[in-house]
Amino acid sequence: MADVAGLAGVSSQTVSRVSNGFPGVAEDTRREVLAAMQELGYRPNSAARALRRGEFRTLGVITFSLSTMGNIRTLEAIAAAAAAHGYAVTLLPVAVPTQDEVNGAFSRLGELAVDGVIVIMETHLLDAATVSLPPGLQVVVADSDAGDRYTVVDTDQAGGARDAVRYLLDLGHDTVWHLTGPEDSFAAQRRANAWRTTLTEAGRTPPPPLRGDWSAESGYRAGLLLADEPGCTAVFAANDQMALGLLRALHERGRRVPDSISVIGFDDIPESASFLPPLTTIHQDFAEVGRLCVEGVLSKMWQGGEECGTTLVPTQLVRRQSTARRTP
């Protein structure tokens with residue numbers, strides 16, 4: 001550090017402020033210090049800095065599944081938001097969502113030296129008392145139903161589902177069939193409950209739902225069944241991947257979309273605009289979910305907050321060519 005300071009013509013304290021990303025350094029001075037660091041091959045010792053400051057500049061992320069598009073995009077958003085604050089992310093997948101596994105995951109993250117933890121917990125665990133999070137840790141939970149005991153950030157699952165069903169009803173469809181996600185998924189249950197409630201409030205009888213597992217293959221199997229339902233003119237799929245399989249099955253059975261049947265999905269994955277036809281869907285703002293998760297855990301770390309409750313990120317209906325007004 002003294003060598004860098006001598007080459008740049010500044011104090012060692014200024015070099016320290018630049019290497020730690022602190023404000024209050026003139027931009028020209030910052031560039032001179034960075035150039036000196038590069039010329040001398042100087043890199044700050046992050047381990048020593050962590051021991052000195054008691055801060056590791058790393059957030060731990062625990063997730064129970066990397067197989068769903070929603071979890072992957074949430075993780076990507078968390079990593080981007082953490083990097084914007086100068087933090088790295090340590091990922092720890094948990095294969096079996098049990099109390100012992102959760103405790104073990106937190107212990108391993110402690111050994112890996114993290115400052116706070118974000119848990120992506122899609123399944124019904126915290127709300128069913130199957131799993132509890134260890135006390136004394138700064139934790140934010142994404143995609144769960146435990147807002148009375150933890151700080152939770154989630155998409156407005158129910159609001160998005162209501163918008164999907166109301167849109168199809170406004171297009172003149174008598175009712176809306178539903179392809180649900182897995183039974184143990186909090187998000188799937190929220191969407192299914194909103195689908196059923198919206199139809200009931202509109203004076204429509206909800207058809208029997210079909211169960212999927214978030215995969216395109218499960219959507220394909222459901223589509224083969226729905227293609228043989230003459231009264232089915234509109235389907236709300238709980239995610240875009242199942243909608244993709246559904247579209248293929250309907251095409252194979254000669255049910256034209258949207259002329260014969262309208263299909264709407266949920267997520268607005270990047271590929272949904274390239275489906276055939278392009279998919280009408282509910283957009284989730286994963287970037288905002290990730291940002292709020294990171295800012296929430298940083299706020300708890302810096303301010304020592306213990307506040308609980310749920311923050312819902314609004315959704316948006318994206319109209320494309322897979323839905324149309326029903327014609328008699």
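Counting begins at 1 with the first residue of the sequence.
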Single-linkage hydrophobic cluster Ile269~Tyr220, side-chain heavy atoms < 4.5 angstrom = no
inquiry  = For His173, is there any backbone N or O sitting under 3.5 Å from a side-chain donor or acceptor partner on Thr233?
reply    = no
message = Quick check on His251: does its NE2 atom have over 12 non-hydrogen neighbours (other residues, nucleotides or ligands) under 6.0 Å away?
response = no
query = Is there a path of hydrophobic side-chain contacts, each under 4.5 Å between heavy atoms of I, L, V, M, F, W or Y residues, that connects Val153 with Phe286?
reply = no
task = Kindly indicate whether the side chain of Leu276, heavy atoms from C-beta on, has any atom under 4.5 Å from the side chain of Leu247.
result = no
query = Looking at Ala249 and Leu224, what are the two nearest heavy atoms and their distance?
reply = CB-N, 3.5 Å
query = Do Val18 and Val4 have side-chain heavy atoms sitting under 4.5 Å apart?
reply = no
request  = Might you point out which heavy atoms bring Gly116 and Val297 nearest each other, and give the distance in Å?
outcome  = CA-CG2, 4.0 Å
request  = Dump the intermediate steps for side chain to side chain contact (heavy atoms under 4.5 Å, CB included) on Tyr167 and Thr323, then the final yes or no.
outcome  = CA-CA 9 Å; Tyr167 178 63; Thr323 50; 3.5 Å; yes
ask   = Do Thr280 and Arg319 meet the criterion of a side-chain donor-acceptor pair at a distance under 3.5 Å?
value = no
ask   = In terms of hydrophobic clustering (I, L, V, M, F, W, Y; side-chain heavy atoms under 4.5 Å; direct or indirect links), are Leu59 and Leu292 co-clustered?
value = yes
task = Could you tell me whether the side chain of Ser272 and the main chain of Asp268 form a donor-acceptor pair under 3.5 Å?
result = no
message = When you compare the side chain of Ser322 with that of Pro258, does any pair of heavy atoms fall below 4.5 Å?
response = no
task = Specify the closest pair of heavy atoms between Gly265 and Ala243, including all atoms of both residues, with the distance to one decimal.
result = CA-CB, 4.4 Å
request  = Side-chain contact test, heavy atoms from C-beta onward, threshold under 4.5 Å: evaluate it for Arg162 versus Thr197 and give yes or no.
outcome  = no
task = Enter the distance from Ile264:CD1 to Leu279:CG here, rounded to the nearest 0.5 Å.
result = 7.5 Å
message = Run Asp3 and Tyr42 through side chain to side chain contact (heavy atoms under 4.5 Å, CB included) and show every step you take.
response = CA-CA 9 Å; Asp3 292 340; Tyr42 170 79; over 6 Å; no
task = Could you grab the distance from atom CG of Asp156 to atom CD of Gln284, nearest 0.5 Å is fine?
result = 10.0 Å
ask   = What are the two closest heavy atoms between Ala5 and Ser12, and how far apart are they?
value = CB-N, 3.8 Å
ask   = Backbone N or O of Gln157 within a donor-acceptor pair of the Arg190 side chain at under 3.5 Å?
value = no
inquiry  = For the CG atom of Asp240 and the CG atom of Leu246, what is their distance to the nearest 0.5 Å?
reply    = 11.5 Å
query = Given Arg326 and Leu168, is the side chain to side chain contact (heavy atoms under 4.5 Å, CB included) satisfied, shown in steps?
reply = CA-CA 9 Å; Arg326 185 190 177 196; Leu168 291 169; over 6 Å; no
query = If you draw a 6.0 Å radius around CD in Glu295, do more than 12 non-hydrogen atoms from other residues or ligands fall strictly inside?
reply = yes
ask   = To the nearest 0.5 Å, what is the distance between CG (Leu210) and CE (Met242)?
value = 10.0 Å
query = So if you build clusters from Ile, Leu, Val, Met, Phe, Trp, Tyr with side-chain heavy-atom gaps below 4.5 Å, do Val318 and Phe275 land together?
reply = no
query = Does the side chain of Ser260 pick up a donor-acceptor pair with the side chain of Arg255 at under 3.5 Å?
reply = yes
request  = To the nearest 0.5 angstrom, please state how far the OG atom of Ser185 sits from the CG atom of Asn239.
outcome  = 9.5 Å
message = Would you say CD of Gln13 has more than 12 non-hydrogen atoms from neighbouring residues, nucleotides or ligands within 6.0 angstrom?
response = no
query = Is a side-chain donor or acceptor of Arg73 paired with a backbone partner of Ala287 at a separation under 3.5 angstrom?
reply = no
key: Joint cluster assignment, Leu199 & Leu317, ILVMFWY side-chain distance < 4.5 Å   = yes
task = Show your working on side chain to side chain contact (heavy atoms under 4.5 Å, CB included) between Val10 and Val25 and close with a plain yes or no.
result = CA-CA 11 Å; Val10 299; Val25 179; over 6 Å; no
query = Do Trp177 and Pro208 have side-chain heavy atoms sitting under 4.5 Å apart?
reply = yes
key: Heavy-atom pair of closest approach, residues Thr63 and Asn71   = OG1-ND2, 4.0 Å
inquiry  = More than 12 heavy atoms of other residues, nucleotides or ligands under 6.0 Å from CD of Glu252: yes or no?
reply    = yes
task = Measure from the side-chain N and O atoms of His178 to the backbone N and O of Pro207, and report whether any donor-acceptor pair falls under 3.5 Å.
result = no
query = How long is the gap from CZ on Arg17 to OG on Ser11, to the nearest 0.5 Å?
reply = 9.5 Å
ask   = Between Asp154 (side chain) and Leu312 (backbone), is there a donor-acceptor pair under 3.5 Å?
value = no
query = Are Arg291 and Asp285 within salt-bridge range, i.e. N to O under 4.0 Å?
reply = no
Candidate list Thr175, Asp174, Val176, test side chain to side chain contact (heavy atoms under 4.5 Å, CB included), partner Leu169, passing option = Val176
inquiry  = Please find the pair of heavy atoms, one from Thr281 and one from Phe266, that lie closest to each other, and give the distance.
reply    = OG1-N, 3.1 Å
inquiry  = Could you check whether atom CD of Glu229 has more than 12 heavy atoms from other residues, nucleotides or ligands sitting under 6.0 Å from it?
reply    = yes
